[in-house]
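One structure below.
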Amino acid sequence: MEKIRAVIAGVHGWVPEYVLTNKELETMVETNDEWIISRTGIKERRILKGENQGTSVIGTQAVKGLLEKTNTNPEDIDLIICATVTPDMVFPATANIIADNVGAKNSFSFDISAACSGFLYALTIGSQFIETGKHKKVIIVGADKMSAIVDYTDRSTCIIFGDGGGAVLLEPTTEEVGVMDSILHSDGSGAPFLHMKAGGSARPATLETVAAREHFAYQEGSTVFKFAVTNMAEVSANIMAKNNLSAEDVSWLVPHQANKRIIDATANRMGVGPEKVMMNIEKYGNTTAGTLPLCLWDYESQLKKGDNIILAAFGGGFTWGSIYLKWGYDPK
């Protein structure tokens with residue numbers, strides 16, 4: 001019996017219209033354009049404005065565009081998984097809201113929370129639903145409205161994050177393309193270095209937690225940077241070794257867009273030249289679970305069927321991992 005794999009049959013992204021430039025950030029916190037670019041590689045980021053506008057807005061727009069470009073009937077979708085750390089609300093799942101918005105009446109849906117590694121986790125999970133033969137059309141969404149949990153008086157975090165996301169359609173194939181392998185990790189001992197202090201069941205919202213500004217993303221930048229550089233680079237090299245891939249065999253590295261220096265370190269560890277590295281951090285910043293699908297969307301026209309692609313990410317918690325996939329279609 002032929003092996004069933006999950007192949008990406010289409011990708012689409014969406015970002016809000018509002019552009020928050022480094023120059024505008026200079027009016028908000030003590031920083032400057034040159035410092036931000038030299039430390040992170042970020043020039044601007046997108047911000048979702050307006051009342052009652054949550055991550056589901058980003059996910060819905062990405063999925064609607066995906067359904068249209070792949071000519072897919074929303075009622076044929078079996079499952080929607082949304083990777084996010086900024087859900088519209090604690091419950092219901094943002095994936096449920098997206099499914100309702102796009103008319104995916106026959107799908108079940110759920111969210112997963114793995115910070116910046118969320119899309120990797122969700123893509124691996126969704127692939128396994130396809131590989132069982134039980135599901136034929138699965139949508140994976142990676143989206144975050146980080147502006148909702150960023151403290152714009154904290155220059156160490158507000159320069160990094162933006163809003164946006166993307167979605168991919170997974171379908172079964174018996175060809176030698178699709179999701180080939182994955183290595184995923186987590187280490188809860190990293191929680192103190194990158195987390196949100198309050199808002200969960202351990203520290204529910206109170207007047208005191210709000211006054212102490214504990215409902216924003218908190219990170220110890222230098223510690224997170226060291227962990228990210230080491231682990232994202234190592235896991236990317238490991239998945240190459242596991243699948244007998246040389247640097248010449250790799251068509252593209254799709255790294256999480258957290259910091260240009262981390263991206264460069266990962267590429268160097270893999271021996272991959274800059275011409276093979278997908279990078280759009282300069283215009284979107286770190287959109288957390290949204291960075292990987294946004295990269296695939298931006299570079300879609302350059303991808304060819306059979307391209308060997310390595311996806312890699314590192315996120316709060318800590319979470320990290322890498323996926324090896326072969327691209328499933330030629331540019332249209």
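Source: prediction; values computed, not measured.
Residues P87 and D111 share a closest heavy-atom pair of CB-OD2, 4.2 Å. Of all the heavy atoms in S182 and K242, the pair that sits closest is O-NZ, 4.2 Å. Closest approach of S189 to P192, counting heavy atoms only: O-CD, 3.2 Å. Of all heavy-atom pairs between C158 and D151, the closest is CB-O, 3.6 Å. Looking at every heavy atom in both residues, G103 comes nearest to P74 through O-CB, 3.6 Å. Closest approach of L170 to I140, counting heavy atoms only: CD1-CG1, 3.8 Å.
The CG atom of L311 sits 7.0 Å away from atom CZ of F119, with the distance rounded to the nearest 0.5 Å. Remark: K260 NZ to M279 CE distance equals 5.0 Å, nearest 0.5 Å. Taken from CG in L48 to OG in S147, the straight-line distance is 6.5 Å, to the nearest 0.5 Å. Between the CD atom in E68 and the NE2 atom in H12 there is a gap of 8.0 Å [rounded to 0.5 Å]. To the nearest 0.5 Å, atom CD1 of residue I42 and atom CD1 of residue I281 are 4.0 Å apart. L294 contributes atom CG, which lies 9.0 Å from atom NZ of K283 (distance to the nearest 0.5 angstrom).
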- Query: Would D307 and W252 satisfy side chain to side chain contact (heavy atoms under 4.5 Å, CB included), going step by step from the backbone distance to the final call?
  - Reply: CA-CA 8 Å; D307 278 355; W252 293 97; 3.7 Å; yes

- Let me see the working for Y324 and I309 under side chain to side chain contact (heavy atoms under 4.5 Å, CB included), right down to the final yes or no. CA-CA 6 Å; Y324 164 40; I309 299 176; over 6 Å; no

- Item | Intermediate values then yes/no, side chain to side chain contact (heavy atoms under 4.5 Å, CB included), T21 and V19 | CA-CA 6 Å; T21 64; V19 178; 3.9 Å; yes

- Task: Dump the intermediate steps for side-chain hydrogen bond (donor to acceptor under 3.5 Å, both in side chains) on D181 and N243, then the final yes or no.
- Result: CA-CA 8 Å; D181 196 9; N243 290 278; 3.1 Å; yes

- Under the side chain to side chain contact (heavy atoms under 4.5 Å, CB included) criterion, do L169 and I77 qualify, and how do the steps go? CA-CA 9 Å; L169 173 65; I77 301 301; 4.1 Å; yes

- Item | Audit row: K326, E176, salt bridge (Lys or Arg N to Asp or Glu O under 4.0 Å) steps and yes/no | CA-CA 8 Å; K326 282 182 172 287; E176 284 290 310; over 6 Å; no

- Task: Take H215 and T209 through the side-chain hydrogen bond (donor to acceptor under 3.5 Å, both in side chains) test and state the conclusion after the steps.
- Result: CA-CA 7 Å; H215 295 266; T209 62; 2.8 Å; yes

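Judged purely by distance below 3.5 Å, without hydrogens or angles, the side chains of D298 and N280 pair a donor atom with an acceptor atom.
I58 has its side chain within reach of D163: a pair of non-hydrogen atoms, C-beta onward, lies under 4.5 Å apart. For the pair L25 and L20, the minimum side-chain heavy-atom distance is below 4.5 Å. Looking at heavy atoms from C-beta onward, V277 lies in side-chain contact with I263 at the 4.5 angstrom threshold. Contact of the I310 side chain with the V254 side chain is not registered, since no non-hydrogen atoms from C-beta on lie closer than 4.5 Å. The shortest side-chain heavy-atom distance between F318 and V224 falls under the 4.5 Å cut-off. Within the 4.5 Å cutoff, the side chain of R261 has heavy atoms near those of the F225 side chain. At least one side-chain heavy atom of L120 sits less than 4.5 Å from a side-chain heavy atom of L292. Between I98 and C82 the shortest side-chain heavy-atom distance falls below 4.5 Å.
Checked by atom type and distance alone, the side chain of T84 pairs as donor or acceptor with a backbone atom of A143 at under 3.5 Å. With hydrogens and angles ignored, the 3.5 Å screen pairs no side-chain donor or acceptor of K145 with any backbone N or O of S56. At distances below 3.5 Å, at least one donor-acceptor pair connects side-chain atoms of Q257 with backbone N or O atoms of M278. With hydrogens and angles disregarded, no donor-acceptor distance shorter than 3.5 Å links the side chain of D144 to the backbone of M146. N268 contributes a side-chain N or O that, together with a main-chain N or O of D264, makes up a donor-acceptor pair within less than 3.5 Å. In this structure, N231 contributes its side chain and A228 its backbone to no donor-acceptor pair below 3.5 Å. A donor-acceptor distance shorter than 3.5 angstrom exists from the side chain of K276 to the backbone of V250, with no hydrogens or angles considered. No donor-acceptor pair closer than 3.5 Å links the side chain of K43 to the backbone N or O of I37. Using a distance-only test at 3.5 Å, with no hydrogens or angles considered, a donor-acceptor pair links the side chain of T94 to the main chain of D88. Looking at S107, its side chain never comes within 3.5 Å of a backbone N or O of S109 through a donor-acceptor pair.
By the criterion of side-chain heavy atoms lying less than 4.5 angstrom apart, applied directly or through intervening Ile, Leu, Val, Met, Phe, Trp or Tyr residues, I97 is not grouped with L67; the two fall into different hydrophobic clusters. The same ILVMFWY cluster, assembled from side-chain heavy atoms under 4.5 Å apart, contains both V168 and Y121. Tracing side-chain contacts under 4.5 Å through hydrophobic residues (I, L, V, M, F, W, Y), one reaches M28 starting from I47; they form part of the same cluster. A continuous path of hydrophobic side-chain contacts links I4 to L123 [ILVMFWY only; heavy atoms under 4.5 Å]. Hydrophobic clustering (ILVMFWY, side-chain heavy atoms < 4.5 Å, transitive): V138 and I80 are in distinct clusters.
Salt-bridge check for E175 with R5: failed, with every basic side-chain N at 4.0 Å or more from each acidic carboxylate O.
Environment of CG in N71: sparse, with no more than 12 heavy atoms of neighbouring residues, nucleotides or ligands closer than 6.0 Å. Annotation: E51, atom CD; neighbour count of heavy atoms from other residues, nucleotides and ligands within 6.0 Å does not exceed 12. Counting heavy atoms of neighbouring residues, nucleotides and ligands inside a 6.0 Å radius, atom NZ of K226 does not exceed 12 of them.
No option in T55, D100, N101 other than N101 meets the side chain to side chain donor-acceptor pair (under 3.5 Å) test with T60.
Aromatic ring centres of W327 and Y329: separated by under 6.0 Å. You'll find the ring centres of H256 and F314 outside the 6.0 Å limit.
In this structure, R45 forms no cation-pi arrangement with F161, as its terminal cationic atom is not both closer than 6.0 Å to the ring centre and no more than 45° off the ring axis.
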Would you give me the side-chain donor-acceptor pairs under 3.5 Å for residues 129-137, sequence neighbours excluded?
unit_1: T132; atom_1: OG1; unit_2: F129; atom_2: O; d: 2.8
unit_1: T132; atom_1: OG1; unit_2: K134; atom_2: N; d: 3.2
unit_1: K137; atom_1: NZ; unit_2: E171; atom_2: OE2; d: 2.4

